[in-house]
2 protein chains.
Amino acid sequence: MKISSTIEWAIHCCSLLAGLPPEVNLTGKDLAEYHGVPHPYLAKALQTLSSDGILMTVSGPRGGYKLAKKPSKVSLLDIVLSIEGSDSCFDCDEIRQKGPGALERSASYKKPCLIASAMWKAEKVWRDELDKVKLSDLLEKVKTEVDPRQLKKGADWIAQRTQSKK
Amino acid sequence: MKISSTIEWAIHCCSLLAGLPPEVNLTGKDLAEYHGVPHPYLAKALQTLSSDGILMTVSGPRGGYKLAKKPSKVSLLDIVLSIEGSDSCFDCDEIRQKGPGALERSASYKKPCLIASAMWKAEKVWRDELDKVKLSDLLEKVKTEVDPRQLKKGADWIAQRTQSKK
DNA sequence: CCAATTGCAGATAAATTTTATCCATGATAG
DNA sequence: CTATCATGGATAAAATTTATCTGCAATTGG
Ligand code: FES
Ligand code: FES
């Protein structure tokens with residue numbers, strides 16, 4: 001029941017991009033360096049986000065990634081499902097139909113198993129909670145809760161990166 | 001983000017045991033056969049449940065497992081955490097402290113990262129939801145929602161098993 | 001006491017998934 | 001035309017999950 005660490009990378013990348021002006025984009029390499037993670041592997045995640053319509057891609061020199069939608073239209077759930085896939089994390093093998101207590105096939109297994117239902121319900125509240133949090137909400141909070149020196153340092157690095165490529 | 005299938009086995013075993021009279025116990029082999037799963041591997045899960053105080057163990061001939069607490073005192077969360085371990089499923093590598101945007105160590109990273117907070121919050125609602133569901137709740141619902149023929153077939157098999165060992 | 005039954009702990013092996021890298025290709029700004 | 005950048009596929013290393021085996025301790029019933 002582990003969530004892969006690329007999720008952390010992906011969300012950080014998206015929320016960084018969400019804070020940039022619309023005309024700016026960052027390359028996969030920039031994003032990797034900024035977060036101190038291996039570029040080739042992060043690239044995979046960025047490609048996935050892009051093919052799922054969360055990021056936009058600009059190819060060619062001075063290309064890179066930017067957010068494909070408004071920050072208020074992208075939730076943490078969108079990012080998580082894009083990277084991890086949207087399959088349920090609990091998957092019922094219908095073991096109730098396997099042992100000696102089982103009835104003939106086609107019999108009365110119309111309703112899902114009570115246990116599976118409970119697990120899925122819990123997963124639903126998890127997803128709902130993540131869907132409530134949009135990138136725009138994070139941006140709001142960042143303004144008030146993060147050390148301004150840190151924000152400046154990050155912004156400077158990005159400015160320098162985007163400048164030096166002109 | 002997959003939940004291992006032994007969870008399904010473990011919950012089914014516990015809820016089966018929860019429905020039995022207090023003096024009855026089932027061996028690991030019985031439980032494996034009943035659910036059609038490999039005995040040696042299921043045994044591992046049963047051992048874990050037992051060392052976490054969810055199941056009780058009776059050794060020696062006519063020994064086996066029974067529930068260690070009242071069904072109303074065991075939640076799905078208890079079982080899940082016992083098998084999967086109680087670590088958070090999202091684990092934050094503090095990548096915010098790694099890139100060029102990071103400040104000197106010891107600086108202002110007292111509050112957890114906003115992203116990690118959001119992920120943990122979602123995990124909390126998931127756990128809370130699972131903790132609401134007790135084995136006794138499942139037993140209640142089983143009575144009204146499961147095909148009586150199925151219940152009888154299972155009960156007969158168990159009765160035969162526990163008889164033949166006398 | 002003895003012998004059979006059962007759970008327990010640890011080592012180990014197979015299978016699968018996650019993590020990571022590389023390269024050939026195509027697009028594009030300058 | 002050329003250097004930059006994303007893409008998709010292939011591949012490899014590492015970690016985790018799944019599964020099995022073995023020897024040991026506890027207990028019961030005779
Ligand atoms: S049969 Fe899959 S959870 Fe019950
Ligand atoms: S640093 Fe780990 S989630 Fe932000």
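Within every chain, numbering begins at 1; the chains are lettered A, B, ... in the order of the sequence lines, protein sequences first and strands thereafter. Since the structure is predicted, the reported quantities are computational estimates derived from the model, not experimental observations.
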Without decimals, in angstroms, what is the distance between [X] [atom1] and [N] [atom2]?
X: A:Asp91; N: C:dT16; atom1: CG; atom2: C1'; answer: 14 Å
X: A:Asp87; N: C:dT17; atom1: CG; atom2: C1'; answer: 14 Å
X: A:Ile54; N: D:dA6; atom1: CD1; atom2: P; answer: 17 Å
X: A:Leu49; N: D:dT7; atom1: CG; atom2: P; answer: 10 Å
X: B:Gln47; N: D:dA26; atom1: CD; atom2: C1'; answer: 14 Å
X: A:Met1; N: D:dT18; atom1: CE; atom2: C1'; answer: 17 Å
X: A:Tyr65; N: D:dT4; atom1: OH; atom2: C1'; answer: 13 Å
X: A:Lys29; N: D:dA3; atom1: NZ; atom2: P; answer: 15 Å

Exercise. Going 5' to 3' through nucleotides 19-30 of chain C, assign each nucleotide B (protein heavy atom under 4.0 Å from a base atom), S (under 4.0 Å only from sugar-phosphate atoms) or - (no protein heavy atom that close).
Key: BBB-----BBBS
Quiz item: Would B:Leu139 end up clustered with B:Leu26 when hydrophobic side chains under 4.5 Å apart are linked, directly or stepwise?
Solution: no
Quiz item: Partners of A:Pro21 by side-chain contact (heavy atoms from CB on, under 4.5 Å), sequence neighbours excluded?
Solution: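 Only A:Glu23, A:Val24 meet the side-chain contact (heavy atoms from CB on, under 4.5 Å) criterion with A:Pro21.
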Practice problem: Would you please name every residue forming a side-chain contact (heavy atoms from CB on, under 4.5 Å) with A:Pro61, sequence neighbours left out? | Solution: none
Quiz item: Which part of the nucleic acid does A:Ser50 contact within heavy-atom distance under 4.0 Å: base, sugar-phosphate only, or nothing?
Solution: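 Answer is sugar-phosphate: A:Ser50 comes under 4.0 Å of backbone atoms only.
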Return a table of donor-acceptor pairs under 3.5 angstrom between the side chains of residues 47-57 of chain B and protein atoms on other chains or two or more places apart.
residue : atom : partner : partner atom : Å
B:Thr48 : OG1  : B:Lys44 : O            : 3.0
B:Ser51 : OG   : B:Thr48 : O            : 3.1
B:Asp52 : OD2  : B:Ser82 : OG           : 2.6

Quiz item: Can you pull the salt bridge (Lys or Arg N to Asp or Glu O under 4.0 Å) pairs that have at least one residue in residues 112-125 of chain A, sequence neighbours excluded?
Solution: A:Lys121-B:Glu129, A:Glu123-A:Arg127, A:Lys124-A:Asp128
Quiz item: Who passes salt bridge (charged side-chain N to carboxylate O under 4.0 Å, His left out) against A:Lys152, sequence neighbours left out?
Solution: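 Residues passing salt bridge (charged side-chain N to carboxylate O under 4.0 Å, His left out) with A:Lys152: A:Asp156.
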Quiz item: Who passes salt bridge (charged side-chain N to carboxylate O under 4.0 Å, His left out) against B:Asp91, sequence neighbours left out?
Solution: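 For B:Asp91, no residue satisfies salt bridge (charged side-chain N to carboxylate O under 4.0 Å, His left out) once neighbours in sequence are set aside.
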Quiz item: Among D:dT7, C:dT6, C:dA9, which nucleotide sits nearest the side chain of B:Thr27?
Solution: C:dT6
Ignoring hydrogens and angles, write down the donor-acceptor pairs under 3.5 Å from the side chains of residues 11-19 of chain B, residues two or more places apart or on other chains.
residue : atom : partner : partner atom : Å
B:Ser15 : OG   : B:Ile11 : O            : 3.3
B:Ser15 : OG   : B:His12 : O            : 3.3

Exercise. Look at the side-chain N and O atoms of B:Thr57 and state whether any lies under 4.0 Å from the OP1 or OP2 oxygen of C:dC8.
Key: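 True: B:Thr57 side-chain N/O within range (under 4.0 Å) of C:dC8 OP1/OP2.
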Exercise. Output yes when a side-chain donor or acceptor of B:Lys153 lies under 3.5 Å from a complementary backbone atom of A:Ala102, and no otherwise.
Key: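 It does hold such a pair.
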Quiz prompt | Bend angle of the helix from C:dC1-D:dG30 to C:dG30-D:dC1, end axes from five pairs each (to 10°) | solution =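 For the helix from C:dC1-D:dG30 to C:dG30-D:dC1, the axes at opposite ends meet at about 20°.
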